[in-house]
Amino acid sequence: MMELIPKITEKAWDHKLEEKVLKGWKETSPYRFDENSKKVFVLDTPPPYPSGRPWHIGAAAHYSQIDMIARSARMLNNDVMFPIGIDRNGIAVEAYTEKKYGISIHNTPREKFIEHCKAALDELEAEMLGIMRSLGLSCDFDNYYRTDSEDFRKLTQSTFIELWNRGLVYEDTRPNNYCTKCSTTIADAEVVYEDLPTQLVHVKFALKDGGSITIATTRPELIGACQTVIVNPEDKRYKGIVGKIAVTPIFNKEVKIIAHTQANMEFGSGAAMICSYGDFTDVRLFRELKLKEIVMLDVRGKLTENAGAYAGLSVFQAREKMIADLEAAGLVERRETISHRTPVCERSRTPMEIVPMKEFYLKQIEFLKHMRMFAGGMNFYPESARQLLMDWIDSVSIDWPISRRRFYATEIPIWYCKSCGKAHVPKPGKYYRPWKDPAPFPKCEECGGKEFVGEERTFDTWMDSSVTSLMISRQQTDGKFFKRVYPNSLRVQGKDIVRTWLYYSMLRCYQITGDFPWKSAWVMGYVVDEKGKKMSKSKGNVVDPLPVLEAHGSDNFRFWSASEAGLGSDYRFNEQKLQGSSKFLTKFWNTARFISSFPQPKAAKLTDTDKWLLTELARLIIDCRRAYENFDFFVSSTKIRDFVWGVLADHYIEMVKSRAYGEANFTAEEKEAAWYTLHTCMKALLQLLSPITPFITDFIYSSLYESGGKSIHTTTFPSAKLRVWEGQTPIGEVTQKLVEFNSKVWNEKKDRKLSLKDEIFVGVPPELKKFEKDLVAMHKIRRE
Ligand SMILES: [Zn+2]
Ligand SMILES: [Zn+2]
């Protein structure tokens, strides 16, 4: 046997080598975007949101997969623009800052508070960028954007000013979702529902004429704001009672009992009190029945003067006291604990209150038909994401409240005339801070007054992040560039922000450009814990990606993320699962190292065994290219793994080992054909795998196939022209027969307690005659 020394000297893949590969990329920057190329592929990537430590392992998986999209698009011959930004506005940042520095937004000067937020953000951002770099993301780190930068805020404000001037923004006082924890109005898109245990109290309301009616309520603290009682017109129990007057307990106010279909006969006694405001049914009925609103809650979540003896108490305290008072008065018929579908704030998980607030609204209702049309025509990966968006569009019933009472966010660029109150909006194209800067107007256009007062509110953060596509496409600053890259090729994002980021981006970009921002959208599932539960900081089951990456390496993690779940499905993470991908990478490394012992002929006269393998490889190339075109890494990663293990290593390599080593019987031509096939196959596998595991593949590629330092990531996928099989039988059947025959021989040797090197007497089936020479050498088949 010839002595061969593997060209790959390292005995095993050590993920510490990833750092070396990273350094190489830094020097050669293989990912430059050429905007003048014929085929541009532009990604609108989610700017990650730093909301505290640790960053979510799911985010690491998400961005790894987005990177796979960028890398595979490059290898499919596109010029790829892969921008990256950091979303630095908003409530979560403020909450984190308050906690970190032990301060409160309510008693810290605005300027000071903003400084603290910036410092906290810089720290979190550095860590996030560090993780993204070590994951091997091929995005444009040199030009990353921040949503709190002057440029970005200028864009948010300029687009707002344009919409204002077109009459798409108005101010109105309306009962709104209000989070008392976050101290701000919340859009419907950020309200989620949780089933919470809640007391259902059956309270007796006296009737003015004598007798009583029982009303079941989860909000007894709002009895003081009750303006009517409804019963269902179909409800026979209350036939004689409609039109009578009920007297509210404790407050002793007379309210009319009316028939209304909103009364649910199945809930409680079937009679309901309507107060301002327990839920949005109350809001609708107050409007419909023209009832007079009684404001019971203030912005701190405390009861107002209208609540009499309950003023100043929190909702919870007031409820407890009210129940106690009702009990003492003998007005509670019974109490029960029910599971109540409660609207809560998506961020703080605080139950929503409905508080009338004066807010700015961006018109969206009149755009819903356009949104529906676009959602119907866009490509979705996976297709099921389309319905998530459609369902949301169908449920939107009010315009978007866009003003927030926060500090760390983009300011609403409005100044009001001090004497007449007229709102003035400045010219677009500058970043404005009305709470701080002097008004950019000489005098009021209404009354000529010279003094102004700046708006103190800020925008909902989705007002910023909904224009990322305009930002990366330089909509305001570079018309030529914008034309080339807009609409963008693909929006990539998580399933959890379909009704916010996806929807709002469509709305805002359409309003500004008259066109929708992308051709397609790719929506990834959640990474959940090992039991399938969503990871959240409050549950304490968030996994820190840093130690995981340090212990296992990025390629290992990336291969796991690609091969764990199908496109759009949820991923269950536990660290042990990384052992599976580690095993595969070890197998792959060993295979490459074995192949690296042989010279690389430029051409060869292939044997049938070689043709069989290269044709199987061609099938793999076709499958992988198709999967990559559909941004599906599950299919490509698992097919490559199955091929490496189940075709190449276990069968082909075993069949050609003797031949490649140049043992007896084989001609030099046959030997070189094995070498050629092994290398052709390895080179193609490296390229096919490189979007998923960019480090190990580039390392092997540059050790074996590129001495000039050219990265594998500047190459394109191999073509499937390698299909060279000439037999009549379909290649899949041939492979199956080969696998069956080899397994049969191995089993027989095992049963007869022979070693694999021992000779055996066995007949090669006629359909495998083409491979006989290799099979005889492989199994040491004796022929008499
Ligand atoms: Zn909240
Ligand atoms: Zn004025």
Side-chain angles (χ1 to χ4, degrees), residues 49-52 87 89-100 103-106 113 117 164 171 175-196 277 279-280 297-302 314-316 341-357 359 400-409 413-426 434 438-455 457-465 496-497 499-501 504 534 536-539:
Y49 190 83
S51 60
D87 189 3
N89 290 315
I91 293 170
V93 169
E94 293 182 346
Y96 176 75
T97 304
E98 286 182 312
K99 213 169 143 207
K100 181 177 165 77
I103 56 175
S104 159
I105 190 169
H106 301 298
F113 190 80
C117 287
W164 171 280
E171 196 175 24
N176 249 318
N177 298 306
Y178 190 88
C179 175
T180 52
K181 181 90 182 284
C182 302
S183 313
T184 190
T185 295
I186 301 282
D188 283 346
E190 290 179 295
V191 174
V192 293
Y193 288 84
E194 278 182 4
D195 288 318
L196 298 178
Y277 292 105
D279 57 25
F280 275 93
L297 277 181
D298 68 15
V299 293
R300 299 164 306 148
K302 303 273 197 286
S314 71
V315 168
F316 183 75
R341 199 165 166 270
T342 312
V344 300
C345 166
E346 191 181 32
R347 291 228 164 76
S348 67
R349 300 280 150 176
T350 312
M352 293 306 335
E353 295 299 342
I354 297 170
V355 179
M357 299 286 274
E359 303 289 6
W400 175 14
I402 52 170
S403 45
R404 297 289 182 270
R405 285 146 225 280
R406 307 303 303 171
F407 285 174
Y408 205 81
I414 296 179
W415 278 265
Y416 304 92
C417 168
K418 251 188 190 167
S419 37
C420 78
K422 184 175 168 61
H424 288 62
V425 162
F441 321 100
K443 58 178 202 282
C444 170
E445 51 188 52
E446 189 84 16
C447 72
K450 290 201 169 126
E451 282 189 82
F452 289 89
V453 53
E455 171 63 62
R457 283 172 291 174
T458 59
F459 287 119
D460 178 358
T461 52
W462 295 109
M463 279 290 281
D464 300 286
S465 43
D496 51 335
I497 48 175
R499 55 191 204 162
T500 46
W501 196 43
Y504 285 141
K534 210 180 160 188
S536 75
K537 282 182 183 146
S538 56
K539 276 190 216 134

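What you see is a predicted model, and the numbers here were worked out from it, not measured in a lab. Just so you know, residue 1 is the first one in the sequence shown, and it goes up from there. Counting starts at 1 for both ligands and their atoms, following the listed order.
Checked against Cys345 for a side-chain contact (heavy atoms from CB on, under 4.5 Å), the options Asn177, Val192, Ile186 give a single hit: Ile186. Checking each of Glu451, His424, Lys450 against Cys444 for a side-chain contact (heavy atoms from CB on, under 4.5 Å) leaves exactly one that passes, namely His424.
The aromatic rings of Trp415 and Phe441 stand perpendicular to each other, their planes meeting at an angle above 60°, with 30° marking the opposite boundary.
At least one N/O/S atom of Ser348, whether from backbone or side chain, sits less than 2.8 Å from the Zn ion (ligand 1).
One finds the CD atom of Glu94 at 12.0 Å from the CZ atom of Arg404 (value rounded to the nearest 0.5 Å). Here the CE atom belonging to Met352 is positioned 8.0 Å from the SG atom belonging to Cys182, to the nearest 0.5 angstrom.
Under 2.8 Å from the Zn ion (ligand 2), one finds the following protein N/O/S atoms: Cys417 SG, Cys420 SG, Cys444 SG, Cys447 SG.
Look at Glu346 and Arg499 and you find no salt bridge, because none of the NZ, NE, NH1 or NH2 atoms lies under 4.0 Å from a carboxylate O.
Vertex the Zn ion (ligand 1), arms ending at SG of Cys345 and SG of Cys179: the angle is 120° after rounding to 10 degrees.
Closest approach of Tyr178 and Ser183 over heavy atoms only: OH-C, 3.3 Å.
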